[in-house]
Amino acid sequence: MAKDNAKKTRGVAFFAQTYEGDVIPKRTKWIFSIAAAFRDGSYQLISSFLLTFMMYAGVLGTGGADYSQQIVAINIIFVICLIWDGLNDPIMGVLIEKIRFKSGKYKPWILIGGIGNSIVMLCLFLLKPTGWAYVATFAVFYFLWDFVFTMNDCAYWAMVPSMTSAEKERNNITFLVSLFISIGTFAMYGVCSIIPNAANSYYVYGVIAIVSSVLFLASQLAIFFFCQEKRIDPGQEKVSESTKLGDMFRMVGKNKQLLIVVISIFLYYAAASLVVSFGSNYFYLCFGYGGNAGGAIMLVFTVMYAIGTVLSQVLFKPLINRFSRQTLMTACFFIALVAYLVLFLIGFPLFGDKPLAYNDAAPSGLLWAFGGTLSLLYIPPIFFFGAQGIFYMILLVDLQNCIEYNEWKFGERKEAVASSWRPFTAKLSSALQKGLILVSFLTAGIYDVTQQISDVQNDLASQVAADPDKEAEFTEQATVQVDAIINGVAATPKVVMGIWMVGSCLLFLVAAYCLMRFGFKIDEKTYAQIESDLKQRHSADVQAD
């Protein structure tokens, strides 16, 4: 059936051909979805591990004052760039909506942003002056990365609702994209948890960045050359050409349902990745730095993340066919709530110097990560990551349904404009997260610890450069020093981290749920009526054209 829907236009390059109808061609569906793994894996490398790289790899200045000032400057740059980048999203949404390339509405932007992202990502991890020179280099290239990734991200997510208006087909493509996003995220968290250690952090992130950038670029080339876009309704094409910069804000001003979903997605994003953003640093400080200690725990934690999220994605389709979106969202909210509270009770040293989930044996890798009572640590994430996975997919479907609602009520689709709210909220929530992490680490005194580890990395690099033959000896000494620093961290800073980490997650998740539970009105019955009415309008537009 998908073949019958494909529009084979003579004289048009194969990568510029379109299809008609609501059935997405199989090749387009799978290539587009699989590419999300490499796209979001690269995003996580920068979003979640660039700060970790800077804190531990010895690229910042030595000495407490310089290091602390540079860390604060870096976090301020993060927040400023993310806010500015969020404000760029409506600009990019308008450009995508108005400008037509012969090769498509979305694919050219996806490719251009992908090329730029690959180049800038390499610069962030491979250009390594030290001290304030590194801070300046980071500021320039992080600003550029924000810009090029926004270009790719806005176009990618705007293409999703444009592919089909059929609810089951839309649920399917949302499921596939979410599945491969999870795979890419898990892979990057696994690699960055187990490989870096006290001896190799300075250069190993560069190797990871090279591999990631190549895969990212290859996946975006595949979208450009082998995916098809759906033919645009003639009436909506005229509407798109008249798009203005303020349309993004006018749209949520008049479309209250879209506004509710946008705010809820912002709150969800703020909650969803806080545990992981805090997690690597917490596991390092509580259990030891490197892949055989805290990194091993982070790897297992990530596997639980993968199991929970993939399980939610596998269950999403049968559950959404059996239960209403609102019922599913309520169930997921309460499951996540209980699981977060359990994590806080067993994962942080509330009742002594050590958390309830702990192993007193010397760190020795994955087997050690399951020893003692550490296995208890991995049960809650299966539940809250699984529940959040379904919660998020419901939010994405509701966001896409608001596009049809907007066309039905106001006569305008403007997918790129409406979809630009998703990356916009992602950037703003990421800025909020960076601010929370900065404040929490300052209040807990964590930067004093990471500064000492960074100084050890600096000393190690200098020693190896001066006498390469003694690299093994210097590396062993550095590892002993780092272990001593970690063992000196008291319980109080870890509890303070836990309060910030779990408390913030719960606060944001509760707010997101309450908004959707009491404010969102487009249920399955309402959307079915909208879909039926729009089909009649589209048929009339095609006949008139």
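Computed over heavy atoms, backbone and side chain alike; hydrogens, waters and symmetry mates excluded.
In this structure, CD in Gln70 is found 10.5 Å from CD in Gln451, a value given to the nearest 0.5 Å. One distance of note links CD1 of Ile208 with OG of Ser42; it measures 11.5 Å at 0.5 Å rounding. Ile260 CD1 to Ser264 OG: the interatomic distance, rounded to the nearest 0.5 Å, is 7.5 Å.
With Phe441 as the partner, the ring-ring contact (aromatic ring centres under 6.0 Å, His included) test is satisfied by one option alone out of Tyr282, Tyr447, Trp500: Tyr447. The side chain to side chain contact (heavy atoms under 4.5 Å, CB included) test with Gln44 is passed by exactly one of Thr185, Leu50, Ile181: Thr185. Tested against Leu399, the residues Leu258, Thr425, Ile394 include a single side chain to side chain contact (heavy atoms under 4.5 Å, CB included) partner, Leu258. Tested against Phe283, the residues Tyr189, Phe301, Phe278, Phe348 include a single ring-ring contact (aromatic ring centres under 6.0 Å, His included) partner, Phe301.
Side-chain N or O atoms of Arg27 include none that pairs as donor or acceptor with a backbone N or O of Cys227 at under 3.5 Å. Between the side chain of Ser178 and the backbone N or O of Thr174 there is at least one donor-acceptor pair closer than 3.5 Å. Between the side chain of Ser48 and the backbone N or O of Leu45, no donor-acceptor pair lies under 3.5 Å. Between the Ser440 side chain and the Ile437 main chain, a donor and an acceptor come within less than 3.5 Å of each other. Judged by distance alone, with hydrogens and angles left aside, the side-chain atoms of Gln400 form no donor-acceptor pair with the main-chain N or O of Pro161 at under 3.5 Å. With Arg325 contributing its side chain and Ile522 its backbone, the two residues share a donor-acceptor pair below 3.5 Å. At least one donor-acceptor pair under 3.5 Å links the side chain of Ser312 to the backbone N or O of Thr309. No side-chain donor-acceptor contact under 3.5 Å links Thr28 to the backbone of Ile24. Using a distance-only test at 3.5 Å, with no hydrogens or angles considered, a donor-acceptor pair links the side chain of Asn487 to the main chain of Asp483. Judged purely by atom type and a 3.5 angstrom limit, Asp523 uses its side chain to pair as donor or acceptor with the backbone of Thr526.
Taking 4.0 Å as the cut-off between side-chain N and carboxylate O, Asp153 and Arg39 count as a salt-bridged pair.
For the residue pair Gln220/Asn152, the side-chain donor-acceptor check at 3.5 Å is satisfied. Ser324 and Thr327 form a side-chain donor-acceptor contact under 3.5 Å, judged by distance and modelled atom types alone. A donor-acceptor contact closer than 3.5 angstrom is absent between the side chains of Gln452 and Asp448.
Here the two rings, on Tyr268 and Phe508, have centers that are 6.0 Å apart or farther. In this structure, Phe32 has its ring center under 6.0 Å from that of Tyr156.
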Verify side-chain contact (heavy atoms from CB on, under 4.5 Å) between Trp84 and Asp146, making sure each step is shown before the conclusion. CA-CA 9 Å; Trp84 169 244; Asp146 271 340; over 6 Å; no
Quick one: do Phe175 and Arg170 satisfy side-chain contact (heavy atoms from CB on, under 4.5 Å)? Show the steps, please. CA-CA 8 Å; Phe175 159 73; Arg170 176 167 289 174; over 6 Å; no
Quick one, Tyr284 with Thr52, criterion side-chain contact (heavy atoms from CB on, under 4.5 Å). Give me CA distance, side-chain angles, the key distance, then yes/no. CA-CA 11 Å; Tyr284 287 156; Thr52 302; 4.2 Å; yes
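Around CG of Asn321, the count of heavy atoms belonging to other residues, nucleotides or ligands within 6.0 Å exceeds 12. Within a 6.0 Å sphere centred on CD of Glu524, other residues, nucleotides and ligands contribute more than 12 heavy atoms.
Residues satisfying the salt bridge (Lys or Arg N to Asp or Glu O under 4.0 Å) criterion with Glu169, sequence neighbours excluded, are Lys29. Tyr142 is linked by a ring-ring contact (aromatic ring centres under 6.0 Å, His included) to Phe78, Phe138, Trp145, counting only residues two or more places apart in sequence or in another chain.
Between Phe125 and Tyr205, the ring planes lie parallel to each other; the angle is under 30°, not in the 30° to 60° tilted range.
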I'd like a table of donor-acceptor pairs (distance under 3.5 Å, sequence neighbours excluded) in which one partner is a side-chain atom from residues 371-392, with atom names and distances.
unit_1 : atom_1 : unit_2 : atom_2 : d
Thr373 : OG1    : Leu356 : O      : 2.4
Thr373 : OG1    : Tyr358 : N      : 2.9
Thr373 : OG1    : Tyr358 : O      : 3.2
Ser375 : OG     : Phe370 : O      : 3.2
Tyr378 : OH     : Ala369 : O      : 2.6
Gln388 : OE1    : Tyr340 : OH     : 2.3
Tyr392 : OH     : Tyr269 : OH     : 2.7

